[in-house]
Amino acid sequence: MKCVRFWGTRGSLPVALTAAAVRKKVIAAVRGAAGRSFASDEELDAYVDRLGMAGSGTYGGHSPCVEIETGTGEYVLCDLGTGVRPFGQKAMARHGAGSPQTYHVFMSHVHWDHIMGFPLFTPAYIRGNRIRIYGGHAVLEEALRRQQAAPSFPVDFSALPATIEFIRLDPDKPHDIAGLTVTLTLQRHAGDSYGYRFSSAGKTVIYSTDSEHALGDAEETHRFVEFFRDSDLVIFDAMYSLADAISVKADWGHSSNIVAVELCQMAGARHLCLFHHEPVHSDEAIDRVLAETRRFEEISRGGYAPLRVSAAYDGMEITL
Amino acid sequence: MEFSSRSLADVVVAAPVGPIDHANAQALERALVPVLNGPEPGMKALVLDFSGVEFISSMGLRVVMVAAKQMRGRSMRIAVTALTPVVKEVFDIARFNHVTEVFPSVRAALEQISPAALAAFEAASR
C-alpha cells in the first residue's frame, strides 16, 4: 500500500459550503493580512497556509469514499458515498473509456450515505470495466439495485454496461484480494456495519466507520483493540462528542474522538484519522474537534507511544 | 482508587480519589451502587467531589453518565465539583459540562442545592 486518499469524509449526508461561509473566510483572510503586500506567490502561499483549514480551505462535504492506492494497478475503494463521483471522474480522465480497469470496493454497510454516489460513478457506464463489490451483508446487491430503480433514478442498475459482481465475505478471517490481506469484523450499527483491516508489505490500514462502541463491554473493547493492533492508520468514525454518543445519541451507531484515541492507544496504532464528520459541523467546529483530540491524546498518553491525530478532508492524501 | 461518601442533610457527597480509568472505573461504579440504588429517604442530590481525581477516561465518564441518568430519573440533582485542571479539560473535550452541573467546590455546590446540607457542611468543617 502506498497511500490513502479521501474522496468523501462527511457522515450521514453530503453538505456544501454556503456563500456566507465562504464570505466569512475571505473577510477573515483579508483582515488578517492587515494591508500587507506579498512580494511573491511563495509569500502569499505561506500566508494562506498559516490560515489553516477553517481560514483558507474546507474539510469538504462528500459522503464516505476512501481510496487505498495499492500500487498493483487495480483500484481499491471503501464505500460508495458521493465522493466516488469525483474519484470516478479522475479515473476516467486518466484511463479514458478504451482502457478497462478493475475496481475493488469494500462496503462498510449499505446505508444511503455510503451508496448514494454509485449511480453517478462513471466507470460503471463503461463496458469492459470490472467492479467487484465486497462486504459482510447479504443485501449489498439488493441495496444498490433498489436505489437505481424507477422512480428514484433514470438509469436502472441492470442497464449499466460494466461487469459488476457482489462478493460476500466471512468476517474475522483473512481474505487475499487485490494484493491485500483483508479482514472484516462486525460493528455495532443499525443493520450492522463492518470494519476492515487492510494489510500489505508491512503496512496496515483500518477503515472503521459507522461503529458505536459500548463502553461497558470489556470483551468488545478487547476485540477492537486487537483488530486495530499495531496499525499504521486508523480511519475512525468520530462523529459525536462522547457525551452525545452515550446519552441523547446512544444507539445511533457512531462514536467519539475520546474513544478513538483510547482504542488507538491501547492498540499501539500510529496514526488516528477522524472521519465521518457530523454534517452540521462547520470547518471551525472540525478544527476545534481536531485540536481537542490532539490535546486529549497528550493528557491521556501516559506510557503509550505518541499517536498522530488528523482530521480527514476531501482530497487529503496520507502516505503510508 | 479510594472512595468515601458522607450524608449532609439531604445531600450525599461522594469523593473518589485517584485516576478513574479503564482499570478502576468499575470500582467507582460499584462504590456508587448503594447511593444510586437505595437513596436515603429525603435525599435530593448527589455531589461528586472530584478534588482528588487526577484523570478520567471514557470509562470513568460513563460512570458519571450512568449516575446522572439514575439521579435525574428520580428527579434528583447531581453535581460534580472541584475538577482538577486535567479533568476539567477532559470534561470540556467530552462535552460533559452539559451532562452534570459543575461547581468549583463542594461548598459552592451546596450553596446552590441545599441550605440544610450547607449548614451541615459548615458545622462539620469547624
Side-chain angles (χ1 to χ4, degrees), chain A residues 211-222 224-225 236 238-251 254-267 272 274 278 280-281 285-304 309 311, chain B residues 1 18-33 36-37 46 48 50 52-74 76-80 83-102:
Chain A
S211 178
E212 185 165 349
H213 294 272
L215 299 181
D217 187 338
E219 193 175 315
E220 182 184 293
T221 298
H222 176 73
F224 277 94
V225 167
F236 190 94
M239 189 172 183
Y240 301 142
S241 67
L242 180 67
D244 278 354
I246 64 174
S247 60
V248 292
K249 293 174 182 172
D251 300 325
H254 300 284
S255 190
S256 69
N257 55 342
I258 298 265
V259 170
V261 168
E262 291 176 344
L263 287 176
C264 286
Q265 286 173 332
M266 288 188 278
L272 162 66
L274 308 177
E278 163 68 68
V280 303
H281 276 182
I286 299 173
D287 264 356
R288 188 166 59 248
V289 170
L290 174 59
E292 290 175 338
T293 309
R294 286 174 171 161
R295 176 61 184 149
F296 181 73
E297 188 278 329
E298 285 176 358
I299 61 183
S300 63
R301 188 179 298 158
Y304 295 119
V309 180
Chain B
M1 188 201 68
I20 309 175
D21 54 18
H22 283 60
N24 54 29
Q26 282 190 326
L28 175 61
E29 192 168 14
R30 282 194 298 271
L32 285 171
V33 165
L36 297 172
N37 287 358
L46 170 64
L48 295 169
F50 270 23
V53 177
E54 60 217 48
F55 177 73
I56 188 163
S57 74
S58 64
M59 289 289 282
L61 291 169
R62 175 189 160 273
V63 175
V64 174
M65 179 66 80
V66 168
K69 285 180 178 174
Q70 292 196 30
M71 294 299 289
R72 289 207 195 92
R74 297 189 176 103
M76 297 178 189
R77 291 173 73 173
I78 181 168
V80 180
L83 300 181
T84 57
V86 165
V87 173
K88 182 181 184 310
E89 276 195 270
V90 177
F91 261 61
D92 290 343
I93 293 168
R95 308 288 184 261
F96 259 64
N97 39 1
H98 304 303
V99 171
T100 67
E101 296 179 87
V102 178

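Naming: A, B, ... by sequence-line order, numbering from 1 per chain. Values in this document were obtained by computation on a predicted structure and should not be read as measured data.
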Rounded to the nearest 0.5 Å, how far does OG of A:S256 lie from CG of B:L61? 9.5 Å

Considering all heavy atoms, the nearest B:K69-A:I246 contact: NZ-O, 3.1 Å

Counting only non-hydrogen atoms closer than 4.5 Å, does A:I258 touch chain B with its backbone (N, CA, C, O), its side chain (CB onward), both, or neither? side chain

What closest approach, in Å, do A:I299 and B:F55 show between heavy atoms, and which atom pair accounts for it? O-CE1, 3.8 Å

Between A:E262 and B:S58, is there a donor-acceptor pair closer than 3.5 Å when you use the side chain of the first and the backbone of the second? yes

Taking atom CD of B:Q70 as the centre, report whether more than 12 heavy atoms of other residues, nucleotides or ligands fall under 6.0 Å from it. yes

Tell me, for B:H22 versus chain A, whether the close heavy atoms (under 4.5 Å) come from the side chain, the backbone, both or neither. side chain

For B:K88, does the NZ atom sit with more than 12 other heavy atoms under 6.0 Å from it, leaving out its own atoms? no

To check you understand the geometry: which heavy-atom pair defines the closest contact between A:N257 and B:I93, and what is its length? ND2-CG2, 3.9 Å

Compare every heavy atom of B:R95 with every heavy atom of A:S241, then report the nearest pair and how far apart it is. CB-CG, 3.3 Å

Check each atom of A:S247 against the heavy atoms of chain B and say whether the ones under 4.5 Å are side chain, backbone, both or neither. both

Sequence neighbours left out, what passes ring pair (Phe, Tyr, Trp, His ring centres under 6.0 Å) with B:F91? Give chain and number order. B:F96

